[in-house]
Amino acid sequence: MEQDLIKRIVEAALLAANQPLSLAQLNALFPEEQPPAPGSLELALESLREDCAGRGIELVEVASGFRYQVRQDVYPWVARLWTERQTRYGRAVLETLALIAYRQPITRGEIEQIRGVAVSSNIIKQLEEREWIRVVGHRDVPGKPALFGTTKAFLDYFGLRSLDQLPPLTELQEIPDLEPELPFDSAPVPAAAAMPETSANDDASPEAPQASEGPSADTSFRTSADSSADSPTDAVATTTVPSHPDTAAPVAEDAATPEPEKQ
């Protein structure tokens, strides 16, 4: 089979698919009696990637395979095609997700110890429903708490091939080890954990803008500072209310009225 035809088949398959395609899936497109030559798929993908230079789309490899996606510099314009309401994630959700991504495997109790507040069950449920996290095991301690880790769907959404592509977060240098067996030294701690807590109930706070339901143009995982702007704060405004004139205490007389002299 000619290389040009293989390239066109791969391109058409990637454009038609609604999810990334792996090399195995691309190879399965060809009949067994006429398989592509060894290395021809990789050559076709590299050629397609070079063809995207200077265009509004790019061919990228994520955890599940290869896909076309919108380039980030034109994404704000293309995003107008998706009129549905964008999902907004609060800072508590983003901090929890960041801790799982950078410190996995990690238990819910360890997340609470780092953040200093209880982790709402709704946050864990929301991340599991998005298929961004899953239970990868149980810690061998009393109670057998679940260990959480990220999924391929998480990597695909943020345009990552592996966890090694997570950007280093050097803003937070010190954080106490939760347990000696956790390999924290090799995994930087997300800056989100260094943010001051907004309130004890921030897990239920209104969600802040962060991620869109539409196709993602981002190729890095980050917890933007914009997400903390919508979070409530603990500051309480104190207002001094002036006394109403009618309620003011009467002023005492300076001296008693003198009696008239006797004639």
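The first residue of the sequence shown is numbered 1, and numbering continues consecutively from there.
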Please list, chain by chain and in numerical order, all residues satisfying side-chain contact (heavy atoms from CB on, under 4.5 Å) with P145, sequence neighbours excluded.
T107, R139, V141
Could you tell me whether a side-chain N or O of Q3 sits under 3.5 Å from a main-chain N or O of S40, the two making a donor and an acceptor?
yes
Suppose we screen for side-chain hydrogen bond (donor to acceptor under 3.5 Å, both in side chains). Which residues come up paired with S121, at least two apart in sequence or across chains?
R108
Using a 4.5 Å side-chain heavy-atom cut-off and chaining through intermediate ILVMFWY residues, the residues clustered with L5 come out as M1, I6, I9, V10, L14, L15, L21, L23, L26, L29, F30, L41, L45, L48, I57, L59, F66, Y68
Using the six-membered ring wherever Trp is involved, compare the ring planes of W132 and F154 and label them parallel, tilted or perpendicular (cut-offs 30° and 60°).
perpendicular
If hydrophobic clusters are built from ILVMFWY residues whose side chains come within less than 4.5 Å, do L81 and Y75 share one?
yes
What salt bridge (Lys or Arg N to Asp or Glu O under 4.0 Å) pairs are there with at least one residue in residues 140-155, not counting sequence neighbours?
D140-K144
Flag yes if more than 12 heavy atoms outside E131 fall under 6.0 Å of its CD atom; otherwise flag no.
no
If a pair satisfies salt bridge (Lys or Arg N to Asp or Glu O under 4.0 Å) and one of its residues is in residues 23-45, list it, with sequence neighbours excluded.
none
Test log, rule side-chain contact (heavy atoms from CB on, under 4.5 Å), inputs I124 and F148:
CA-CA 9 Å; I124 301 297; F148 293 100; 3.9 Å; yes
Quick check: do I114 and I106 have side-chain heavy atoms less than 4.5 Å from each other?
yes
How many angstroms lie between OG1 in T151 and CG in D156, if you round to the nearest 0.5 Å?
8.0 Å
Please check if the side chain of E112 supplies one atom and the backbone of V119 the other of a donor-acceptor pair under 3.5 Å.
yes
In Å, rounded to the nearest 0.5 Å, how long is the span from CD1 of I123 to CD1 of I111?
9.5 Å
Residue set satisfying salt bridge (charged side-chain N to carboxylate O under 4.0 Å, His left out) with R49, at least two apart, ordered chain then number -> E46
Measure the spacing between OG of S22 and CD of Q25 and express it to the nearest 0.5 Å.
3.5 Å
Qualifying side-chain hydrogen bond (donor to acceptor under 3.5 Å, both in side chains) pairs with a residue from residues 4-13, counting only residues at least two apart or across chains
K7-S47, K7-D51
What distance separates E58 CD from Q69 CD, expressed to the nearest 0.5 Å?
4.5 Å
Which atom pair, heavy atoms only, marks the closest approach of L166 to A101?
CD1-O, 3.8 Å
Could you measure the distance from the OG1 atom of T150 to the CZ atom of F158? Nearest 0.5 Å is fine.
10.5 Å
Evaluate the side-chain proximity of L155 to R161: yes if any heavy-atom separation is below 4.5 Å, no if none is.
no
Sequence-distant partners of V136, side-chain contact (heavy atoms from CB on, under 4.5 Å), two or more places apart:
P105, R134, L147
Working to the nearest 0.5 angstrom, can you tell me the gap between N18 CG and R67 CZ?
12.0 Å
Would R130 and Y89 count as a cation-pi pair here, with the cationic atom under 6.0 angstrom from the ring centre and within 45° of the axis?
no
